[in-house]
Amino acid sequence: LKIEQKRFSLRKDGVTFCPDRPPHLLGSLTGFYNEITKEELQELFPEMESGGRIRPPDCVQKQRMAIIMPYRNRFPHLHIALHNLIPFLKRQQADVTFFVIEQAPGSTFNRGALLNIGFLEAEKLGNFDCYIFHDVDLIPLNDKNLYRCESDPRHYAVAMNKFNFKLFYSGYFGGVVGFSREQFLKVNGNSNLYIGWGGEDDDLLKRLYNKKYTILRHPTTLSRYFMLKHTRDKGNEANPLRMAILNGALKRQDIEGLNTVKYKVINITLDPLYTWINVSINTTE
Ligand code: BGN
């Protein structure tokens with residue numbers, strides 16, 4: 001009983017907040033890699049609430065989290081990722097809602113804009129404190145890599161199989177990153193100017209340094225990910241202008257980003273596994 005009292009802060013009104021350190025973490029994980037259907041996932045996790053929310057049954061998590069996944073044409077990957085992320089986040093006692101932000105056909109993929117849209121749409125649907133921007137092809141390999149927001153933005157996907165489980169370069173800020181609501185507003189989100197592959201994550205790092213944040217990273221023993229194999233997607237060709245755009249990143253920070261993203265919501269579906277938002281992006285292509 002003594003231990004229990006230490007772990008949980010029992011309040012007078014009967015609300016038990018979750019402890020700062022979740023008690024049932026496993027540490028290193030091997031991961032699930034086989035394809036799985038939506039129906040099988042729903043059967044595995046019947047406790048998922050409409051719109052893709054999951055929360056601890058026995059305590060209240062102080063941080064409300066949204067996971068924003070930019071998406072196009074990766075149905076099998078998305079479900080493999082969720083097969084890993086749902087039990088991972090359950091053990092972390094997260095109160096989390098999954099958002100899949102799908103870019104409609106007809107324009108080149110714009111990851112930065114999709115992340116901004118995910119943030120803005122999630123803001124309309126819930127009171128989130130913490131935003132994790134998560135690629136659909138990344139499987140976390142250690143649940144001590146705790147998905148929480150703190151004093152500064154965090155880079156989660158530090159060590160990937162693709163880069164021999166080492167940080168690719170010191171300024172790499174891709175794959176999975178987390179911002180508190182305030183931090184993301186302060187940096188004015190992502191730039192929307194990176195049309196096609198590359199550069200938007202480097203731009204985001206410049207933005208946060210410019211606002212005097214630093215980045216947090218766990219040691220590579222914890223911040224490990226497996227990237228599912230795929231070829232370069234059609235409609236997401238490497239952007240030849242990315243270096244030039246990156247050079248002017250800072251002078252645009254406050255006038256281009258979260259506050260200027262243009263899009264049209266085509267459809268919002270509240271599925272048991274996720275809130276699926278289909279959007280068309282008006283780029284100047
Ligand atoms: C970098 C890309 C990132 C990408 C990583 C990992 C650029 C900007 C021009 C220097 N940056 O080279 O966007 O996440 O590789 O693949 O291309």
Side-chain angles (χ1 to χ4, degrees), residues 67-74 77-78 80-81 101 103 107-119 131-141 145 147 152-179 183-184 187-211 213-218 220 223-253 256-258 261 281 283 285:
I67 294 200
I68 310 291
M69 304 173 104
Y71 179 89
R72 181 182 262 173
N73 275 337
R74 293 275 193 86
H77 280 182
L78 171 66
I80 296 171
I101 316 301
Q103 184 173 341
S107 56
T108 304
F109 199 66
N110 187 333
R111 182 172 175 275
L114 289 173
L115 298 179
N116 287 339
I117 294 165
F119 178 90
Y131 285 85
I132 309 281
F133 301 100
H134 209 299
D135 283 356
V136 291
D137 53 5
L138 287 175
I139 309 300
L141 294 177
N145 188 18
Y147 282 18
D152 291 275
R154 182 177 288 279
H155 183 217
Y156 291 96
V158 180
M160 297 180 193
N161 60 323
K162 188 184 174 189
F163 306 124
N164 294 317
F165 293 109
K166 292 196 187 94
L167 184 61
F168 188 33
Y169 52 97
S170 66
Y172 178 55
F173 193 57
V176 184
V177 301
F179 285 73
Q183 288 158 4
F184 200 66
V187 302
N188 194 22
N190 285 268
S191 170
N192 309 291
L193 301 181
Y194 295 84
I195 297 166
W197 183 90
E200 80 296 341
D201 47 356
D202 306 295
D203 188 299
L204 183 60
L205 184 65
K206 284 191 171 205
R207 286 175 176 239
L208 73 87
Y209 282 150
N210 198 35
K211 296 295 176 186
Y213 290 120
T214 180
I215 53 171
L216 306 173
R217 282 190 182 118
H218 285 306
T220 53
S223 48
R224 290 165 76 84
Y225 285 78
F226 187 88
M227 185 185 273
L228 299 169
K229 282 183 190 54
H230 57 87
T231 50
R232 180 63 51 81
D233 298 289
K234 273 214 181 87
N236 188 23
E237 286 69 29
N239 173 8
L241 301 175
R242 63 192 190 278
M243 199 49 158
I245 303 171
L246 193 54
N247 282 333
L250 292 186
K251 61 174 196 285
R252 286 187 307 265
Q253 172 161 23
E256 191 279 312
L258 190 61
V261 60
I281 298 179
T283 54
E285 283 175 87

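Read the numbers this way: they start at 1 and go in the same order the structure lists the ligands and their atoms.
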Protein residue, atom and distance nearest to [atom], heavy-atom basis:
atom                    : result
atom 11 (N) of ligand 1 : Asp202 OD2, 2.6 Å
atom 10 (C) of ligand 1 : Met243 SD, 3.7 Å
atom 17 (O) of ligand 1 : Arg242 NE, 2.5 Å
atom 16 (O) of ligand 1 : Trp197 CZ2, 3.3 Å

(request) Going by heavy-atom distance to atom 1 (C) of ligand 1, choose the closest among Tyr169, Tyr172, Phe168. (result) Tyr169
(request) Kindly identify the option in Asp201, Leu246, Asp135 whose heavy atom sits closest to atom 3 (C) of ligand 1. (result) Asp201
(request) May I ask you to list the atoms of ligand 1 that are less than 4.0 angstrom from any heavy atom of Gly198? (result) 13 (O)
(request) Test side-chain contact (heavy atoms from CB on, under 4.5 Å) on Ile80 and Ile139 and set out the steps. (result) CA-CA 8 Å; Ile80 296 171; Ile139 309 300; 4.1 Å; yes
(request) Could you tell me whether Glu200 and Arg207 make a salt bridge, using a distance below 4.0 angstrom between a side-chain N and a carboxylate O? (result)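 Looking at Arg207 together with Glu200, the answer is no, because their closest N to O distance does not fall below 4.0 Å.
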(message) Under the rule for side chain to side chain contact (heavy atoms under 4.5 Å, CB included), what residues qualify as partners of Asp135, not counting sequence neighbours?
(response)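 Counting only residues at least two positions away or on another chain, Asp135 forms a side chain to side chain contact (heavy atoms under 4.5 Å, CB included) with Pro70, Arg111, Asp137, Leu138.
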(message) Taking side chain to side chain contact (heavy atoms under 4.5 Å, CB included) as the definition, give me every residue that meets it alongside Leu167, ordered by chain and number, with sequence neighbours left out.
(response) His155, Val158, Tyr172, Arg217
(message) Tell me whether the rings of Tyr156 and Tyr147 are parallel (<30°), tilted (30 to 60°) or perpendicular (>60°).
(response)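 Rings of Tyr156 and Tyr147: tilted, 30 to 60°.
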(request) Look at ligand 1 and say whether Gly174 reaches it with a heavy atom at a distance under 4.0 Å. (result)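 No, Gly174 has no heavy atom closer than 4.0 Å to ligand 1.
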(message) On the six-membered ring of Phe165, is Arg224 placed so that its NZ or CZ lies under 6.0 angstrom from the centre and within 45° of the ring axis?
(response)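 Judged by the rule, Arg224 and Phe165 form a cation-pi pair.
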